[in-house]
2 protein chains.
Amino acid sequence: MSKQKIRNMDAFSAVCGVSRPTLSKYFNDPDSVKRSTRDKIEQALARYDYRPNIYAVNQNRQTTRNIGIVVPNLADPFFSEIGREVELACHDAGYSPIVLSSHGRPGLEASNLNALWSLKPAGVLLAPFGRASDVSIVEAFAKDVPVVLFDANIEGVGEAFIGTDNNQSVDLMVEYLCRSGEPPCFFEMKSPLNPNASKRRQAYLESMQRHGFAAQILQAEGEGWDFEAIGSAEGGRMLSENAFATNTVLCSNDRLAIGMLSAAYGLGLRVGHGPDCTLRIAGHDDHPYSRFTCPSLTTIAQDYSEIAARAAQTLFAIIESSESGSQRKETLLDGKLIMRNSA
Amino acid sequence: MSKQKIRNMDAFSAVCGVSRPTLSKYFNDPDSVKRSTRDKIEQALARYDYRPNIYAVNQNRQTTRNIGIVVPNLADPFFSEIGREVELACHDAGYSPIVLSSHGRPGLEASNLNALWSLKPAGVLLAPFGRASDVSIVEAFAKDVPVVLFDANIEGVGEAFIGTDNNQSVDLMVEYLCRSGEPPCFFEMKSPLNPNASKRRQAYLESMQRHGFAAQILQAEGEGWDFEAIGSAEGGRMLSENAFATNTVLCSNDRLAIGMLSAAYGLGLRVGHGPDCTLRIAGHDDHPYSRFTCPSLTTIAQDYSEIAARAAQTLFAIIESSESGSQRKETLLDGKLIMRNSA
DNA sequence: GTAAATTATTTACGCGCGTAAAAATATAGC
DNA sequence: GCTATATTTTTACGCGCGTAAATAATTTAC
């Protein structure tokens, strides 16, 4: 059953009756050879175990078909989901995706870019940390390699940016909350790493002003990526201290909201929009678990698939046209209001 | 600021005053050259931008310093966490880890192994699907490359296996539940992919018999990786039909438990071990979100770090001694009971 | 059937590095 | 200071493949 192994392309050329340069053409683009020779090659490929040595293949190329995908933290479901979509898109387009997580450590982002550099990738899809990113390294990298940013923007870096329009999405939620009950307070991390956080805060302030309500922002102490723990500890503290001016809290993201819901449950507070409820909590991102919180979480859905698809397509277009000089494009997608039971 | 780029090792040899073969030695093992030459090299490295072309480096080697890490699904926090630990362990040991997720699709596991094959890895850490894995491909792969399995075992495949002792962990939980209230029913997927699921069912049956109670197993319909959704839909249905013989449910894993907790909340059931509670729910795995469910989930903690560390160390030992002939080792680690509020 | 166009083969070189062998140099021991 | 040992340099070859140029074979067009 196990097919005979072939050492190299010369040996394979011998057994399949096609010259080595033609084989080389075939492996670089199967459509570039005549149908009959292609058939001959593929029949031999079925009989013998041969695949080109990728190291030898890539040695001379100044660029490969590798695409790097760098995300801040694969443990965060948002990135694991969007990373998956991007990876599959690259694969479908005939590239070799390489997903790298920085595990929540900005220092690893730089390491990952350095590691990628050695792989001579055709392009990179990068969701940067933002504020915590080593911008000089990202910039230097983006000068050498086509880079498309997603999720978090760094002004002027990379060929393009695809993300969610926080102004639109937060306004959608604020409008809904104001219309259906008391105006929301805003709950966030004191020193958020992600630039979307500050965009959302700003959007909240502007939206509240437009609706003619007083804004109130409450900030949780704490560092790192344990958002649920921080949301639970700090949110719980604020709830028990009656720190919120209204009975409605808009959390900067779902993971904070999940923590706060847990704290509210522990305090015996009834959360939701029912008549017997004393608190409304809303989130942002449509985290995979937000359907299963108690109560289920009203939130904003970012269009993961669309962000992933657009980012990938944008990068492919740049790679295939090798046009790095054109105007940097920023694409902002709309969020959707997901009404569940928590608000 | 940007350092001058050096084309290749010859050019670098010229600017740093060390011969190319010595440089080659240095890059393969910095300790293999004299201190003074090492200093000379590293000073030049600081002044010039040079790194060896990894494709040229790996072209002739029959094995590289790459280590493949293949997990069934990075979207599952268990694997994203354990994958992270393993990745860092490889990195710390001077290897180049490459994490590949099969995204819940057994077919991708085979593709991932094939892709890894081309990378000539020194070894692979594999958490296989188990029942759904293409065992013949995994076997063929493991004959060529040192493979250490973790989480899920495939008898006789790979050099070693590291996982959790489901007998011990389930018994721990059953014992606790029986001692502190009504004996547990067991809730699981009807056709689970993961081999741990059937081990846990078996362990539950044996443990209940030892304790002298009647066992009851309830199985949720549904395929795929949406465990929370399945747990919620099927668990909710069973709860509302009073399908459970006792007021205590042990779920095969935390994700099912999270779904069932959500359903119980929707049904207005009070879950926990307090006097006013009518239902106890326990899980298994200590999922990162199990601290934040409502109520927080009593569960079994698998020792992620220890599994990761042991798996990595086992692989390193095999690689470095190049002993593939020795006895296949199976290591089972104990789980810990994490008592929270749900049971 | 013949000329033109397409495709394949032959030949040959180079990429960047690993690595082996012999010669040269540096270091350590006494 | 001298020998024995450790380390580096010199020289040279090969890895597996990309790729260019010239030639040969095949296909297409008419």
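A, B, ... follow the sequence lines: proteins, then strands. Residue 1 opens every chain.
Taking a 4.0 Å limit (strictly below) on heavy-atom distances, residues 25-56 of chain A reaches DNA chain C at A:V33, A:K34, A:T37. Taking a 4.0 Å limit (strictly below) on heavy-atom distances, residues 11-22 of chain A reaches DNA chain C at A:G17, A:V18, A:S19, A:R20, A:P21, A:T22.
Spacing between atom CZ of B:R7 and atom P of C:dC15 amounts to 9 Å, rounded to whole angstrom units. Remark: C1' of D:dG16 and CZ of A:R61 are 13 Å apart, rounded to the nearest angstrom. The nearest whole Å value for the distance from the CG atom in B:L23 to the P atom in C:dG18 is 10 Å. When the C1' atom of D:dG16 is taken as reference, atom CD1 of A:I6 falls 14 Å away, rounded to whole Å. A:Q62 has its CD atom 11 Å from the P atom of C:dG16, to the nearest Å. Rounded to an integer number of Å, the gap from B:M9 CE to C:dG16 P is 11 Å.
Using bins of under 30°, 30° to 60° and over 60° for the plane-to-plane angle, the ring pair B:Y50/B:F12 lands in the parallel bin. Classification of the A:Y95-A:F316 ring pair by plane angle, with boundaries at 30° and 60°, yields parallel.
OP1 or OP2 of C:dG18 sits under 4.0 Å from a side-chain N or O of B:S24.
For the pairing with A:L23, the side chain to side chain contact (heavy atoms under 4.5 Å, CB included) check across A:N28, A:V18, A:V33 returns one residue only, A:V18.
Counting heavy atoms from C-beta on, the side chains of B:S101 and B:L108 never come closer than 4.5 Å.
Checked by distance alone, B:Q59 brings no side-chain donor or acceptor within 3.5 Å of a matching partner on the base of C:dG18.
Ion pair B:R84/B:E87 not flagged as a salt bridge, since none of the NZ, NE, NH1 or NH2 atoms sits closer than 4.0 Å to an Asp/Glu carboxylate oxygen. The existence of a salt bridge linking A:K143 and A:E139 is excluded, since no basic side-chain nitrogen approaches an acidic carboxylate oxygen closer than 4.0 Å.
Counting only N and O atoms by type, the side chains of A:D39 and A:T37 include no donor and acceptor under 3.5 Å apart. Side-chain contact check for A:T64 and A:N58: no donor-acceptor pair (N or O, by modelled atom type) lies under 3.5 Å.
Annotation: A:R105, atom CZ; neighbour count of heavy atoms from other residues, nucleotides and ligands within 6.0 Å does not exceed 12.
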